[in-house]
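The figures here come from the full heavy-atom set of this structure, side chains too, leaving out hydrogens, waters and symmetry mates.
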Amino acid sequence: MIASAGGRGRFITLEGGEGGGKSTQCKLLLPWLRERGIDALATREPGGSPGAEKVRELLVTGTADRWTPLTEVLLHYAARQDHIQRVIEPALAAGRWVICDRFFDSTLAYQGYGHGVPLDFIERLRQQIVGETYRPDLTAILDLPAADGLLRSHARHNTGRRY
């Protein structure tokens with residue numbers, strides 16, 4: 001497998017609303033890169049490492065109002081810190097490419113713009129946890145009308161089908 005120029009891997013994130021195809025594109029991109037000799041791994045947020053997956057369970061199970069928006073931000077960044085240290089950094093340092101389904105842009109969109117957590121607070125957390133070292137080399141935003149994405153997401157959850 002080919003390592004990145006300079007030895008450090010590349011970090012690509014996929015962002016977008018529910019049902020927008022992020023997971024599908026991650027699954028398609030990974031073998032495409034490998035066919036071209038690029039050593040790559042796919043991961044996700046929240047989650048991606050054992051500790052972050054435990055935090056993910058807290059975030060995605062239960063009633064929608066179980067956490068305040070500020071608590072959600074803190075949980076996302078706790079999971080992100082673990083994910084960076086245990087998965088992303090070791091892979092990048094080894095020259096691997098990391099393809100991540102969601103990253104800090106989702107926290108900014110959902111908890112910041114969506115739920116009103118002050119954007120400057122989220123940015124300060126991003127600077128402390130992500131800094132410039134773990135800024136993605138490329139972020140692809142998959143955009144489709146929210147109603148279409150929600151229909152796709154609902155169909156996936158009701159049928160077990162993954163888009």
Closer than 3.5 angstrom, by distance alone: can the side chain of Lys22 be matched with the main-chain N or O of Gly17 as a donor-acceptor pair?
yes
Give me the atom names and distance for the closest heavy-atom approach of Thr107 to Ile122.
O-CD1, 4.1 Å
Verify, without hydrogens or angle tests, whether Glu53 (side chain) and Gly48 (backbone) share a donor-acceptor contact under 3.5 angstrom.
yes
Determine, using the 4.5 Å side-chain heavy-atom cutoff (strictly less than), whether Leu28 and Leu14 are members of one ILVMFWY cluster.
no
Taking Arg10 for its side chain and Trp97 for its backbone only, find out whether a donor-acceptor pair lies under 3.5 Å.
no
Partner of Tyr77 by side chain to side chain contact (heavy atoms under 4.5 Å, CB included), out of Val73, Leu75, Leu74:
Val73
Check whether Arg135 reaches the backbone of Gly131 with its side chain - one donor and one acceptor, N or O, closer than 3.5 Å.
no
Using modelled atom types and a 3.5 Å cut-off, is there a donor and acceptor pairing between side-chain atoms of Arg86 and backbone atoms of Gly51?
no
Is there side-chain contact between Leu108 and Leu119, with at least one heavy-atom pair below 4.5 Å?
yes
Same hydrophobic cluster for Leu138 and Ile38, using side-chain heavy-atom links shorter than 4.5 Å among ILVMFWY?
yes
Could you tell me if the side chain of Leu59 sits less than 4.5 Å from the side chain of Pro46, heavy atoms only?
yes
Do you see a donor-acceptor pair shorter than 3.5 Å between the side chains of Glu45 and His76?
no
Is it true that atom CD of Gln127 has more than 12 heavy atoms of other residues, nucleotides or ligands lying nearer than 6.0 Å?
yes
Who pairs with Phe11 by ring-ring contact (aromatic ring centres under 6.0 Å, His included), at least two apart in sequence or on another chain?
Phe103
What's the spacing between Arg36 CZ and Asp39 CG if we round to 0.5 Å?
15.5 Å
Min side-chain heavy-atom separation Arg80-Val130 under 4.5 Å:
yes
Verify the cluster assignment for Val55 and Leu70: are they in a single hydrophobic cluster under the rule of side-chain heavy atoms below 4.5 Å apart?
no
Looking at every non-hydrogen atom in both residues, tell me the closest pair between Leu33 and Ala40 and how far apart they are.
CD1-CB, 4.0 Å
Can a side-chain donor-acceptor contact be found between Ser106 and Glu15 if the only test is distance below 3.5 angstrom?
yes
Just by distance, with hydrogens left out, do Arg44 and Ser23 show a side-chain donor and acceptor under 3.5 Å apart?
no
Are Gln25 and Leu29 side-chain neighbours, meaning at least one heavy-atom pair lies under 4.5 Å?
no
Using side-chain heavy atoms (C-beta onward) and a distance below 4.5 Å, is His83 in contact with Thr43?
yes
Can you list the steps and then say if Arg126 with Glu132 is a salt bridge (charged side-chain N to carboxylate O under 4.0 Å, His left out)?
CA-CA 9 Å; Arg126 188 208 57 79; Glu132 296 308 310; 3.6 Å; yes
Report yes if some heavy atom in the side chain of Pro136 is under 4.5 Å from a heavy atom in the side chain of Phe104; otherwise report no.
yes
Are Leu92 and Ile84 linked, directly or through other ILVMFWY residues, by side chains that come within less than 4.5 angstrom of each other?
yes
